[in-house]
Amino acid sequence: MRELKLTNTLTGEREIFQPIDPERVTMYVCGPTVYNLAHIGNARPVVVFDMLNRVLRELYPSVIYARNITDIDDKIINAARERGQAIDAVSTEFADKYREDVAALNTLTPDLEPHATDNIPAMIDLTERLIKAGNAYPADGHVLFAVESMPGYGALSGRKLEDMLAGARVEVADYKRHAGDFVLWKPSAADEPGWDSPWGRGRPGWHLECSAMIRAHLGDAIDIHGGGRDLIFPHHENERAQSCCAYGGDFVRYWVHNAYVDMDGEKMSKSLGNVRTIRDLLSSYHGEVLRFALLSAHYRSPLNFSQELLDSAKSALDGFYAALRNNQDVEPAHINVTDCVAFDALLDDLNTPESIAALHAASKALNKAIDADRAKAKGMLLACGTALGILQVDPEVWFTGGGDNDLSADVIDKLIAERRDAKANRDFARADQIRDELIAAGIVLEDSPEGTIWRRA
RNA sequence: GGCUCGGUGGCAGAGUGGUGAUGCAGCGGAUUGCAAAUCCGUAUACAGCGGUUCGAUUCCGCUCCGAGCCUCCA
């Protein structure tokens with residue numbers, strides 16, 4: 001078996017991936033809090049870990065990929081109040097939309113999609129364990145995790161308790177023994193959602209669900225835990241503290257975190273008004289364009305999202321589809337994904353830019369291939385596309401689909417026929433006039449010895 | 001202030017102790033009635049200053065600049 005290398009946040013090193021059980025690889029990725037539409041920044045981890053999921057599935061017989069839905073959270077409570085809706089109406093609506101949006105990015109559906117509200121007993125059980133073990137304490141209706149009770153607290157994010165105190169700029173609740181103690185369980189007011197617990201009616205703190213659901217659905221320890229790098233602290237640090245103290249063991253073997261998406265060089269934020277939702281972008285761009293754009297930089301590097309990025313992603317995909325379209329009559333040879341030139345780069349810490357370079361090479365090889373080599377070259381390009389989760393559309397549809405409100409295919413075909421006749425009569429003025437009109441309408445013509453094809457620009 | 005990560009050609013973006021990826025844009029060709037697409041060729045880079053080395057963009061140190069996290073956040 002070929003080796004997969006991953007950069008582990010815990011060690012800071014690029015390590016060879018060795019699963020706990022090669023027959024059952026487990027990966028958990030932090031999913032959405034469902035209170036609004038997912039934006040393009042949310043899409044990056046989804047696509048990145050979809051890539052990792054795909055690679056793992058090629059390498060191992062069984063992979064269990066879980067991505068949670070956080071459907072109880074103060075942000076959801078607030079959204080429900082603002083909209084005058086029930087909390088589960090809000091969470092259901094946005095969970096559904098989230099699934100639709102990320103499916104459009106050619107991401108495979110996770111094997112498990114645990115919901116926080118379905119796992120409250122497991123969270124209460126976890127909290128009780130932590131109290132019993134001396135790692136947590138009830139105070140003022142809350143239950144808090146005592147960070148000083150864990151010797152290695154801070155190891156994941158590379159910080160020490162004393163350092164964090166120096167930087168503390170938030171008012172510390174007086175019921176906390178240590179400023180770094182975090183909430184496991186908190187009380188709910190009468191108008192807030194809550195569940196009965198040994199500490200009264202309340203709801204879980206943010207970090208609790210992932211620890212409890214990983215244990216409940218995947219086991220004491222998992223191979224990979226992923227998410228955006230902003231989650232390293234406090235979320236994953238605290239998850240790790242909960243799980244290690246309650247269940248022992250190492251909890252997670254490989255922590256993998258992706259960098260942010262910036263918008264035109266600035267951080268994406270509501271106050272800057274530069275948040276772009278996946279849904280909005282999908283109205284202008286095919287999901288493959290967004291996916292390709294998100295994969296164009298290495299996952300651990302910041303990605304600057306811009307018009308230029310989208311345009312270049314679109315034109316790159318157009319190039320690949322053009323190569324396929326020009327060989328539409330060629331039956332592709334079957335080539336395993338693991339045998340394609342784009343796959344090796346993915347084994348090296350998901351080096352998608354290098355993988356894309358291989359894709360370009362495969363595309364060029366197909367364009368240059370002599371007849372005897374076309375089947376193999378086409379199969380190679382398709383396998384590379386599959387490795388990256390792109391090129392899943394019929395090329396003809398890619399170029400001529402959509403644009404329902406513009407010129408219809410029939411009208412375009414008639415104009416092309418008229419131009420063909422004009423050219424046959426050497427009436428190039430008329431032929432060029434037709435072509436110019438079509439260009440003005442967003443239709444580009446390409447002549448070849450076999451005839452004229454068209455595409456929407 | 002503490003911690004972490006970066007600064008590569010016009011732009012995007014990999015990688016490497018010694019033959020300077022890849023894409024877009026540019027330039028020159030082939031092809032085309034002219035284009036488009038495709039193919040061929042080609043210029044431009046490794047923030048700065050030291051150090052290690054036969055040799056550094058790649059390792060080490062310092063400086064400058066930028067980004068992120070420090071208990072809402074992909």
Side-chain angles (χ1 to χ4, degrees), chain A residues 9 12 29-33 38-49 73-75 78 147 154 157-160 162-170 172-173 176 179-183 205-207 226-235 237-238 257-262 265-270 292-294 296-304 306 308-309 311-316 318-319 322-323 325-326 345 348 351-361 363-364 366-368 423 426-429 431-432 435-436 438-439 444-449 452-455 457:
Chain A
T9 305
V29 174
C30 286
T33 300
H39 56 66
I40 192 65
N42 300 123
R44 172 120 100 145
V46 178
V47 170
V48 165
F49 290 100
D73 181 278
D74 288 359
K75 290 194 289 290
N78 292 335
V147 291
S157 53
R159 58 190 78 202
K160 297 172 182 150
E162 14 332 343
D163 294 340
M164 286 187 284
L165 273 184
R169 63 186 185 201
V170 175
V172 178
K176 288 188 179 181
D181 291 355
F182 57 90
V183 171
W206 175 35
H207 317 299
R229 64 176 307 152
D230 56 309
L231 294 180
I232 295 171
F233 191 89
H235 185 52
E237 189 72 69
N238 291 350
H257 294 98
N258 63 275
Y260 284 95
V261 174
D262 294 327
E266 290 185 301
K267 182 175 176 174
M268 183 166 29
S269 74
K270 280 182 184 167
F292 191 87
L294 289 168
S296 65
H298 186 91
Y299 75 89
R300 284 187 298 107
S301 297
L303 176 70
N304 189 30
S306 64
E308 292 71 38
L309 178 70
D311 290 345
S312 71
K314 167 76 161 61
S315 66
D318 280 347
R325 189 190 202 190
N326 292 333
D348 183 16
N351 192 334
T352 50
E354 194 175 317
S355 187
I356 288 170
L359 189 68
H360 282 289
S363 179
K364 178 170 282 194
L366 176 57
N367 282 327
K368 292 172 65 174
K423 286 201 331 177
R426 302 198 65 77
D427 182 2
F428 295 121
D432 290 351
R435 187 171 62 195
D436 290 343
L438 285 170
I439 285 174
V444 180
L445 301 187
E446 293 177 23
D447 292 338
S448 79
T452 298
I453 58 174
W454 61 274
R455 61 186 161 87

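Residue numbers begin at 1 in each chain, while the letters A, B, ... track the order of the sequences.
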Atom pair distance, as rounded to whole Å: [atom1] in [X] and [atom2] in [N]:
X: A:Lys423; N: B:G33; atom1: NZ; atom2: P; result: 8 Å
X: A:Arg300; N: B:G68; atom1: CZ; atom2: C1'; result: 15 Å
X: A:Asp262; N: B:A74; atom1: CG; atom2: C1'; result: 12 Å
X: A:Asn304; N: B:A74; atom1: CG; atom2: P; result: 20 Å
X: A:Ile232; N: B:C73; atom1: CD1; atom2: P; result: 13 Å
X: A:Asn367; N: B:U38; atom1: CG; atom2: P; result: 7 Å
X: A:Glu237; N: B:U4; atom1: CD; atom2: P; result: 14 Å
X: A:Asp230; N: B:U4; atom1: CG; atom2: P; result: 19 Å

State whether [X] places a side-chain N or O below 4.0 Å from either non-bridging phosphate oxygen (OP1 or OP2) of [N].
X: A:Lys160; N: B:U4; answer: no
X: A:Tyr260; N: B:C69; answer: yes
X: A:Asn351; N: B:A14; answer: no
X: A:Lys364; N: B:C40; answer: yes
X: A:Trp206; N: B:C73; answer: yes
X: A:Thr352; N: B:G13; answer: no
X: A:Lys368; N: B:C40; answer: yes

What nucleotide, of [options], holds the atom closest to the side chain of [X]?
X: A:Pro353; options: B:C69, B:G13, B:C39; answer: B:G13
X: A:Arg455; options: B:A14, B:U71, B:A37; answer: B:A37
X: A:Val261; options: B:G2, B:A74, B:U38; answer: B:A74
X: A:Met268; options: B:U22, B:A74, B:U71; answer: B:A74
X: A:Arg229; options: B:C70, B:U4, B:U22; answer: B:U4
X: A:His360; options: B:C69, B:G23, B:U71; answer: B:G23
X: A:Glu354; options: B:A14, B:G33, B:U22; answer: B:A14
X: A:Phe233; options: B:C69, B:C73, B:G33; answer: B:C69
X: A:Arg426; options: B:A74, B:C72, B:G33; answer: B:G33
X: A:Phe428; options: B:G68, B:A74, B:G33; answer: B:G33

>> If you compare all heavy atoms of A:Asn304 against all heavy atoms of A:Leu309, which two are closest, and at what distance to 0.1 Å?
In response: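 Heavy atoms of A:Asn304 and A:Leu309 come nearest at O-CD2, 3.5 Å.
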Whether the side chain of [X] engages the backbone of [Y] through a donor-acceptor N/O pair (distance < 3.5 Å, no angle test) should be reported.
X: A:Ser296; Y: A:Ala293; value: yes
X: A:Glu446; Y: A:Trp454; value: no
X: A:Arg44; Y: A:Ala259; value: yes
X: A:Asn326; Y: A:Ala322; value: yes
X: A:Asp348; Y: A:Ala345; value: no
X: A:His298; Y: A:Ser301; value: no

When the [atom1] atoms of [N] and [M] are considered, how many whole Å apart are they?
N: B:U57; M: B:A67; atom1: P; answer: 27 Å
N: B:G55; M: B:G23; atom1: C1'; answer: 31 Å
N: B:G9; M: B:C64; atom1: P; answer: 22 Å
N: B:G17; M: B:A36; atom1: P; answer: 42 Å
N: B:G20; M: B:A45; atom1: C1'; answer: 9 Å
N: B:U71; M: B:C65; atom1: C1'; answer: 29 Å
N: B:G48; M: B:A56; atom1: C1'; answer: 15 Å
N: B:U38; M: B:A25; atom1: P; answer: 9 Å

>> I'd like to know if A:Asp318 and A:Lys314 make a salt bridge, using a cut-off of under 4.0 Å between side-chain N and carboxylate O.
In response: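 Judged by the 4.0 Å cut-off on N to carboxylate O distance, A:Asp318 and A:Lys314 do form a salt bridge.
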Name the nucleic acid region contacted by [X], choosing base, sugar-phosphate or nothing; use a 4.0 angstrom heavy-atom cut-off, strictly under.
X: A:Gly227; result: sugar-phosphate
X: A:His298; result: sugar-phosphate
X: A:Val46; result: nothing
X: A:Ala297; result: sugar-phosphate
X: A:Leu445; result: base
X: A:Arg325; result: nothing
X: A:Asp447; result: base
X: A:Ser296; result: sugar-phosphate

>> Could you measure the distance from the OG atom of A:Ser448 to the CD1 atom of A:Ile453? Nearest 0.5 Å is fine.
In response: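 Going from OG on A:Ser448 over to CD1 on A:Ile453, the span is 6.5 Å.
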> In which ranges does RNA chain B form stems of 3 or more consecutive Watson-Crick or G-U pairs, distances under 3.5 Å?
Replying inline: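 For RNA chain B the paired stretches long enough to count as stems (3 pairs minimum) are B:1-7 with B:64-70, B:10-12 with B:22-24, B:26-30 with B:38-42, B:47-51 with B:59-63.
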>> Here's a test of your reading of the structure: between A:Glu308 and A:Phe182, which maps to the more 5' nucleotide of RNA chain B?
In response: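 It is A:Glu308, whose closest nucleotide lies nearer the 5' terminus.
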>> Which is more 5' along RNA chain B, the nucleotide nearest A:Ala322 or the one nearest A:Ala358? Just name the residue.
In response: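 The residue closer to the strand's 5' end, by nearest nucleotide, is A:Ala358.
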> So, does the side chain of A:Arg435 form a donor-acceptor pair with the base of B:C34 at under 3.5 Å?
Replying inline: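 Yes, the side chain and the base share a sub-3.5 Å donor-acceptor pair.
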> Could you walk me through whether A:Asp447 and A:Thr452 pass the side chain to side chain donor-acceptor pair (under 3.5 Å) check?
Replying inline: CA-CA 4 Å; A:Asp447 292 338; A:Thr452 298; 2.7 Å; yes
> Is the A:His235 ring parallel, tilted or perpendicular to the A:His207 ring (thresholds 30°, 60°)?
Replying inline: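 The rings of A:His235 and A:His207 sit tilted, inter-plane angle from 30° to 60°.
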